[in-house]
Colleague: 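Quick one: structure below, then a few questions.
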Amino acid sequence: MLTAAILLATLSLSSAFLQYQNAIPNGHLVPHPCLIGYWAGVGHFLADGSGPRNEFGLDFAAAGHTWTLALCLKDSDLDGLSNGQELGDPNCRWTPDRPGNIVAPQTHPGVCEPIGSPRCAWQGFECVAPL
């Protein structure tokens with residue numbers, strides 16, 4: 001019974017990520033700022049989508065979990081690039097219904113990069129070596 005409950009919770013969490021990933025440009029391809037690979041929980045400080053939200057996650061929630069022009073133009077992580085530039089929608093033309101007109105994502109919109117730089121010290125984000 002416990003195994004079934006854990007499996008159900010995991011599937012619910014996974015489908016929520018898919019819903020949010022589909023609501024932003026290149027949501028499935030956001031680069032992991034510390035490792036080779038992708039960051040599934042883009043709006044969170046932990047790659048798996050658990051833990052506290054990062055600034056992009058807070059801004060995305062404030063926009064009603066919708067990719068808006070204001071969210072696209074905003075620089076949530078204060079690294080000097082708009083969320084649209086980081087996610088591959090520099091002209092803010094992407095919509096879930098018309099997913100064309102985008103390029104590959106450049107960086108993570110919720111993690112200030114380069115990590116450890118003076119510009120990004122405010123965030124206190126560090127790459128942690130896997131256990």
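All residue numbers in this chain count up from 1 along the given sequence.
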Colleague: Testing the basics here: between Pro109 and Ser76, what is the closest heavy-atom pair and its distance to 0.1 Å?
Modeller: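 Nearest heavy atoms, Pro109 then Ser76: O-CB, 3.7 Å.
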
Colleague: Quick one: list whatever passes ring pair (Phe, Tyr, Trp, His ring centres under 6.0 Å) with His32, sequence neighbours left out.
Modeller: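 Counting only residues at least two positions away or on another chain, His32 forms a ring pair (Phe, Tyr, Trp, His ring centres under 6.0 Å) with Trp39.
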
Colleague: Verify, without hydrogens or angle tests, whether Asn83 (side chain) and Lys74 (backbone) share a donor-acceptor contact under 3.5 angstrom.
Modeller: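 Pair found, side chain donor or acceptor close to backbone of Lys74.
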
Colleague: Heavy atoms only: give me the nearest Phe56-Gly110 pair and the separation to one decimal.
Modeller: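 Where Phe56 meets Gly110 most closely, the heavy atoms are CB-CA, 3.6 Å.
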
Colleague: Given Arg119 and Leu78, is the side chain to side chain contact (heavy atoms under 4.5 Å, CB included) satisfied, shown in steps?
Modeller: CA-CA 8 Å; Arg119 174 186 282 188; Leu78 305 176; over 6 Å; no

Colleague: Could you give the distance from CZ (Arg98) to CZ (Arg93), rounded to the nearest 0.5 Å?
Modeller: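 Reported value, rounded in 0.5 Å steps: 9.5 Å.
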
Colleague: Taking Gln106 for its side chain and Ala104 for its backbone only, find out whether a donor-acceptor pair lies under 3.5 Å.
Modeller: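 Yes, Gln106 side chain to Ala104 backbone: donor-acceptor pair under 3.5 Å.
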
Colleague: Check whether any side-chain heavy atom of His108 lies under 4.5 Å from a side-chain heavy atom of Val42, and answer yes or no.
Modeller: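 Of all side-chain heavy-atom pairs linking Val42 with His108, at least one is under 4.5 Å.
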
Colleague: Taking the side chain as every heavy atom from C-beta outward, state whether Glu86 and Asp77 have any atom pair closer than 4.5 Å.
Modeller: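 They are in contact (side-chain heavy atoms under 4.5 Å apart), so the answer is yes.
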
Colleague: What do you reckon, is CZ of Phe45 surrounded by more than 12 foreign heavy atoms closer than 6.0 Å?
Modeller: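 More than 12 within 6.0 Å, yes.
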
Colleague: Show, in sequence, the C-alpha distance, side-chain angles and deciding distance for Cys112 and Phe125, and conclude whether the side chain to side chain contact (heavy atoms under 4.5 Å, CB included) test is met.
Modeller: CA-CA 8 Å; Cys112 188; Phe125 182 87; over 6 Å; no

Colleague: Quick one: are Ile24 and Leu87 in side-chain contact, heavy atoms under 4.5 Å?
Modeller: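 Ile24 vs Leu87: side chains touch.
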
Colleague: With a 3.5 Å cut-off and no angle check, do the side chains of Thr95 and Asp97 form a donor-acceptor pair?
Modeller: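 No, Asp97 and Thr95 have no side-chain donor paired with an acceptor closer than 3.5 Å.
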
Colleague: Just wondering, do Pro31 and Pro105 contact through their side chains at under 4.5 Å, heavy atoms?
Modeller: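 Answer yes - side chains close enough.
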
Colleague: For His44, is there any backbone N or O sitting under 3.5 Å from a side-chain donor or acceptor partner on Asn54?
Modeller: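 Side chain of Asn54 to backbone of His44: a pair is present.
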
Colleague: Any non-hydrogen side-chain atom of Ile115 less than 4.5 Å from a side-chain atom of Cys127?
Modeller: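 Yes, at least one pair of side-chain atoms sits under 4.5 Å.
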
Colleague: If we ignore hydrogens and angles and just use 3.5 Å, is the side chain of Gln85 paired with the main-chain N or O of Ser82 as donor and acceptor?
Modeller: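 Checked: pair present.
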
Colleague: Compare every heavy atom of Leu81 with every heavy atom of Asp79, then report the nearest pair and how far apart it is.
Modeller: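 Nearest heavy atoms, Asp79 then Leu81: OD1-N, 3.1 Å.
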
Colleague: Among residues at least two apart in sequence or on other chains, which ones pass salt bridge (charged side-chain N to carboxylate O under 4.0 Å, His left out) with Asp75?
Modeller: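 Testing Asp75 for salt bridge (charged side-chain N to carboxylate O under 4.0 Å, His left out), a comparison that skips the adjacent residues, returns none.
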
Colleague: Does any pair with a residue in residues 62-72 pass side-chain hydrogen bond (donor to acceptor under 3.5 Å, both in side chains), and if so which ones, sequence neighbours excluded?
Modeller: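 Every pair satisfying side-chain hydrogen bond (donor to acceptor under 3.5 Å, both in side chains) with a residue in residues 62-72: Trp67-Asp89.
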
Colleague: Does some side-chain heavy atom of Cys92 sit less than 4.5 Å from a side-chain heavy atom of Leu73?
Modeller: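 Contact flag for Leu73/Cys92 side chains = yes.
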
Colleague: Give the minimum heavy-atom separation between Val30 and Gly27, together with the two atoms involved.
Modeller: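 In terms of heavy atoms, the two residues are closest at CG2-O, 4.0 Å.
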
Colleague: Any non-hydrogen side-chain atom of His28 less than 4.5 Å from a side-chain atom of Leu18?
Modeller: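 Yes. Closest side-chain heavy atoms under 4.5 Å.
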
Colleague: Check the hydrophobic clustering (I, L, V, M, F, W, Y; side-chain heavy atoms under 4.5 Å; chains of links allowed) and say if Ile102 and Tyr38 are grouped together.
Modeller: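 No; tracing contacts between hydrophobic side chains, which count when under 4.5 Å, never links both residues.
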
